[in-house]
Amino acid sequence: MTADFDRAFLTRALSRVAQRDAAALKELYDRTSAKLFGVTLRILHDRQEAEDVLQEVYLSVWDKAARFDETRASPITWLVAIARNRAIDRLRSRQSKPVRAPIEAAEAVVDPQPLAESLLEGSEAARKLAGCLDQLEPKQAEAVRTAFFEGVTYDALAKAMGVPLGTMKSWIRRSLMSLRGCIES
Amino acid sequence: MSADHLAAEYALGVLDADERDRARGRTDRDLAFARQVADWEDRLAPLAAEVAPVRPAARVWPRIERALRPAAARLTRQLTIWRGLAAASLVMAVALAAIPRPPPPTLAALVASQTDEAVVVASLDRARGELILTTVAIRAPDGRSAELWLIPEGGTPASLGVIGQAQRRLSFEGRPVLAEAVGGVLAISLEPKGGSPTGAPTGPVVATGGFV
């Protein structure tokens, strides 16, 4: 399947979800839940919590599908943003959050859902973003990636990478602005 | 720091809990900022290509499906909203009671949903004893009707009927509850076609408003 077809498929499923079509939500779930679970699990490092958040994500999609605007966003990036926001909210609501080690390889039962994959991995946007990250200082690119994957605060990020908070803030801000310039060029 | 920096930091997820709450509050009030956040989310989301997909446990979908049904969980959520509205109407009544002069004879209320699928202006003419309802927009989903409710101070929701395109005049005589409209809250809920079968709201609340 081509990325265009996949995008159209997810967009169509979202518009049916907006019409309260539960079967459409299931189709969406079947094709995107492994990617979104990967995203929430990476942030929370706890299967139980990541499952709770995944449930919240699809209920939120059920409520908000009518607000998805296909002219402004791609369906998979819209879903990823909801999943990350929910997971980060859960992370922040914990009393304290040590930065934990990455998930054991054995824990990650990889289940490539070709549809979500073709929309992200194969996408022009993903290639371009990776290329733009490669143009940053390696440490700064690592900071952006860690922030995105782990959903941690500036403070935790600075501690994890052993740099002062102010340095981390300026790294991230400068990197984000460079990324935008690069993406839009 | 510029709004765009803040939008980028919020989208990336590096803000602490308080900063994050404040930024989210701003997305609710500031449309341009909300758009900047959405643009940053769209720029950064492709990084998820580098996250390995992980199959969630089989128990997750059935839990989602159960939560979709108009079952206990959902009912509780609706009841909580209606209780919240009753409390809000009480607060408004107290606030109005603190105003020393009598309110003017005509009061207006705007009841608008966030995405403009239902926008109604209600004008309360107490001298003539009527409520004039003007529909600005109405787009109920297929098979549903948007129903207008008045929740008097500390009271239960009373139906003011299904919202149509035409302007309607409701007399205080025909609807005694209207005499209690000041200090109350108007709400629009989505109901089965033709209106709530029970006489009480059963569907999601899409809009609320009070008289000012």
Side-chain angles (χ1 to χ4, degrees), chain A residues 19-20 22 25-26 29 33-35 37-39 41-42 47 51 54-55 58-59 62 66-67 72-74 76-77 80-81 84-85 88-89 92-93 108-113 116-117 120-121 123 125-126 128-130 144-145 147-149 151-155 157 172-173 176-177 179-180 183, chain B residues 1-2 4-21 24 27 35 37-57 59-69 73-74 77 113-115 117 139 141-144 190 204 206:
Chain A
Q19 303 293 319
R20 291 296 195 244
L25 189 71
K26 179 70 161 70
Y29 181 88
S33 58
K35 176 55 83 175
F37 190 56
V39 167
L41 189 58
R42 184 82 180 262
R47 277 194 166 257
E51 281 181 11
L54 191 68
Q55 182 178 344
Y58 284 94
L59 290 175
W62 179 251
R67 289 190 227 163
R72 301 210 67 127
S74 94
I76 191 68
T77 61
V80 164
R84 287 190 72 247
N85 277 324
I88 292 169
D89 286 343
R92 295 289 183 278
S93 70
V109 181
V110 176
D111 178 20
Q113 288 168 329
E117 292 311 293
L120 283 167
E121 265 91 81
S123 82
K128 189 152 199 184
L129 183 59
V144 171
R145 281 199 164 90
F148 183 90
F149 298 142
V152 291
T153 60
Y154 269 135
D155 198 41
L157 205 52
I172 292 282
R173 285 176 192 158
L176 288 170
M177 295 305 136
L179 282 178
R180 178 170 61 188
I183 292 166
Chain B
M1 188 180 47
S2 76
D4 194 50
H5 276 104
L6 183 66
E9 292 173 320
Y10 176 67
L12 181 61
V14 286
L15 300 178
D16 69 27
D18 290 345
E19 293 164 335
R20 194 169 161 78
D21 280 350
R24 169 163 309 142
T27 63
R35 173 52 52 205
V37 169
D39 286 345
W40 273 109
E41 285 173 343
D42 215 36
R43 278 179 206 120
L44 295 170
L47 256 180
E50 298 178 21
V51 179
V54 182
R55 185 185 309 145
R59 61 181 168 262
V60 179
W61 172 256
R63 292 203 313 229
I64 294 170
E65 203 176 22
R66 265 198 304 280
L68 295 182
R69 288 199 207 120
R74 186 139 190 186
R77 203 166 63 186
S113 63
Q114 277 194 331
T115 50
E117 69 256 43
R139 280 200 329 267
D142 283 350
R144 313 288 292 270
L190 293 180
V206 294

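Just so it is clear: chains get the letters A, B, ... in the order the sequence lines come, proteins before strands, and each one is counted from 1. Reckoned from all heavy atoms, side chains included, excluding hydrogens, waters and symmetry mates.
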Please report the shortest heavy-atom distance between A:Leu41 and B:Val54, naming the atom on each side. CD2-CG1, 4.0 Å
Between B:Glu41, B:His5, B:Glu9, which has the largest tally of heavy atom pairs under 4.5 Å with chain A? B:Glu9
With rounding to the nearest 0.5 Å, note down the distance linking CG in B:Asp18 to CZ in A:Arg92. 11.0 Å
Heavy-atom distance under 4.5 Å between the side chains of A:Val80 and B:Leu47, does that happen here? no
Any non-hydrogen side-chain atom of B:Ile64 less than 4.5 Å from a side-chain atom of A:Leu25? yes
Over all heavy atoms of both residues, which pair between A:Ala130 and B:Glu50 is shortest? Give the atoms and the distance, please. CB-OE2, 4.3 Å
Please classify the contact between B:Ala11 and chain A as side chain, backbone, both or neither, with a heavy-atom cut-off of under 4.5 Å. backbone
Minimum-distance pair of heavy atoms, taken over all atoms of B:Pro46 and A:Ala125: CG-CB, 3.8 Å
Are the side chains of A:Phe37 and B:Val60 in touch, meaning some heavy atoms are under 4.5 Å apart? no
Correct closest heavy-atom pair for B:Val14 and A:Leu157 would be CG1-CD2, 4.2 Å
By salt bridge (charged side-chain N to carboxylate O under 4.0 Å, His left out) - contacts of A:Lys26 (at least two apart): A:Asp30
Looking only at heavy atoms, what is the nearest atom pair of B:Ala67 and A:Gln55, with distance? CB-NE2, 4.4 Å
Under 4.5 Å from any heavy atom of chain B, what part of A:Asn85 do you find: side chain, backbone, both or neither? both
Counting C-beta onward and ignoring hydrogens, is there a side-chain heavy-atom pair between A:Leu59 and B:Leu68 closer than 4.5 Å? yes
Proximal component of A:Phe148, with respect to chain B [non-hydrogen, under 4.5 Å]: both
Part of B:Arg20 within contact of chain A (heavy atom distance under 4.5 Å): side chain
Within this structure, what is the CG-CD1 distance for the pair B:Asp39 and A:Ile183, rounded to the nearest 0.5 Å? 11.0 Å
Distance, nearest 0.5 Å, that separates CD1 of A:Ile88 from CG of B:Leu15: 9.5 Å
Looking at side-chain heavy atoms only, is the closest gap between B:Asp16 and A:Tyr154 below 4.5 Å? no
Between A:Arg84, A:Gln19, A:Arg145, A:Arg72, which has the largest tally of heavy atom pairs under 4.5 Å with chain B? A:Arg72
B:Asp21 portion near chain A, given a 4.5 angstrom heavy-atom threshold: neither
When rounded to the nearest 0.5 angstrom, what distance separates OH in A:Tyr29 from CD in B:Glu65? 11.0 Å
Rounded to the nearest 0.5 Å, how far apart are CD of A:Glu51 and CZ of B:Arg59? 4.0 Å
Heavy-atom pairs under 4.5 Å with chain A: which of B:Arg43, B:Glu19, B:Arg144 has the most? B:Arg43
With only heavy atoms counted, which part of A:Leu129 is less than 4.5 Å from chain B, the side chain, the backbone, both or neither? side chain
